Number of protein chains: 2
Amino acid sequence: MSLIFSRQCEYALQAVLYISAQEESKFTNIIEISERLDIPMPFLGKTLQLLVQHKVLQSLKGPRGGFKLAKPPDEIALFHVVDAIDGTDFLTSCVLGFSECSSKNPCPVHSDWGALRDRVYQMLASKTIADISKEITDSKQLRTKLRLL
Amino acid sequence: MSLIFSRQCEYALQAVLYISAQEESKFTNIIEISERLDIPMPFLGKTLQLLVQHKVLQSLKGPRGGFKLAKPPDEIALFHVVDAIDGTDFLTSCVLGFSECSSKNPCPVHSDWGALRDRVYQMLASKTIADISKEITDSKQLRTKLRLL
DNA sequence: TAAATTTCGGATAGAAATGTCTGATATATG
DNA sequence: CATATATCAGACATTTCTATCCGAAATTTA
């Protein structure tokens, strides 16, 4: 099986988008997120803890507690979420798995893949939660997908 | 951890490139490939079997046996190897993990990611073993990387 | 201050991917 | 035809990722 992001990273991205679509000052709890997005609750807990540690989210314990964005949505790029969960190895590691692969010692697809990888990074780094929130507001389809009614 | 291709797929790509760099009519055995490329031998065996089943490679048992390309190198694209090992889900599955995601029901990054994915496919489908063999012939660095002396 | 709620942290369990082992099967060579 | 070589096939082991469980800590509310 080939995949771009780990399942945990997919959960993280979905959850951050869900949280970002809530009222900005409100803390959203795990129970709600896991039920709406159909993500196993304890695993989502671990995942959101990672995002808190990486200062993507802010948490609050106790009644009315939960999670909200740690920064304004235009300061959180998708890349920050991916970085917190999966790390950034995919930006530098060789797509063919050669351990010593660099521009000075390239694999047979080094330059081809490098160009594509740069585009992936550009997309992830430039796309912010604010951008996506705007799209969500403008699209009923997206609200449905994120279970926002 | 995020990765584009599974480790098994990386092994497969490396092995096919190694085989393609050998004399065309010769069968190359697993022992040689696994030692040169530092791939666990039994696992490489399973992997090459998959490539035989998908008609990327041809095998021969017994003395002087081993593996060689099943078709002329200009008829084998990198995509065929990836397809045989990892499959093609990455071309259609949602990068955010939403199960129902399509152009009619897109996720927040559907179009952005779709464009990138198309480029990845283009690269994999257009790059053939013959293309790479030529590069290898022209580059001492590549021969070193593939342990071809 | 007591009780209820919710995240946090560590230990454990299950599933999937990766890696290993053993014997069977086929082929070349003497 | 016997032997050595190499792939093939299935079972098994290990590692990594995903998922679960339980109790502790913090915060709100009554």
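Please read these numbers as outputs of a predicted model, since none were measured by experiment. Residue numbering restarts at 1 for every chain, and letters A, B, ... go by the order of the sequence lines.
Around the NZ atom of K134(B), the shell of radius 6.0 Å holds no more than 12 heavy atoms that belong to other residues, nucleotides or ligands. Around the CD atom of E32(A), the shell of radius 6.0 Å holds more than 12 heavy atoms that belong to other residues, nucleotides or ligands.
Of all the heavy atoms in K26(B) and Q22(B), the pair that sits closest is NZ-NE2, 3.3 Å. Minimum heavy-atom separation, G45(B) to I30(B): CA-CD1, 3.5 Å.
Tested against T47(B), the residues R7(B), E10(B), Q14(B), Q8(B) include a single side chain to side chain donor-acceptor pair (under 3.5 Å) partner, Q8(B).
A perpendicular orientation is assigned to the rings of F43(A) and Y11(A), their planes being inclined by more than 60° (bins at 30° and 60°).
With salt bridges taken as basic N to acidic carboxylate O contacts below 4.0 Å, one links E135(A) and K127(A).
Annotation: side chain of Y121(A) is not in contact with side chain of R117(A) (no heavy-atom distance under 4.5 Å).
Within residues 41-58 of chain A, the residues that have a heavy atom under 4.0 Å from DNA chain D are, in order of number, P42(A), F43(A), K46(A).
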N/O donor to acceptor pairs below 3.5 angstrom from side-chain atoms of residues 50-64 of chain B, sequence neighbours left out:
| unit_1 | atom_1 | unit_2 | atom_2 | d |
| --- | --- | --- | --- | --- |
| H54(B) | ND1 | L50(B) | O | 3.0 |

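In this structure, the CG atom of D89(B) is 15 Å from the P atom of dA16(C), given to the nearest Å. Atom CD1 in I31(B) sits roughly 6 Å away from atom P in dA6(D) (whole-Å rounding). The nearest whole Å value for the distance from the CZ atom in F5(B) to the P atom in dA17(C) is 16 Å. Here the C1' atom of nucleotide dT16(D) and the CG atom of D86(A) are 14 Å apart, to the nearest Å. Put simply, CG on N29(A) is 15 Å from C1' on dC8(C), counting in whole angstrom units. One atom, CD1 of I30(B), and another, P of dA9(D), lie 12 Å apart when rounded to the nearest Å. The nearest whole Å value for the distance from the CD atom in Q8(A) to the P atom in dA17(C) is 17 Å.
Of the side-chain N and O atoms in R7(A), none sit less than 4.0 angstrom from OP1 or OP2 of dA16(C). The side chain of Y11(A) contributes no N or O atom lying less than 4.0 Å from OP1 or OP2 of dT18(D). Between S59(A) and dC8(C) there is a side-chain N or O to OP1 or OP2 distance below 4.0 Å.
At a threshold of 4.0 angstrom between heavy atoms, the contacts of F67(A) are confined to the sugar-phosphate backbone, with no base atom among them.
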Practice task
Would you give a per-nucleotide map of nucleotides 25-30 of chain C, 5' to 3', where B means the base has a protein non-hydrogen atom under 4.0 Å away, S means only the sugar-phosphate does, and - means neither?
Solution key: BBBBS-

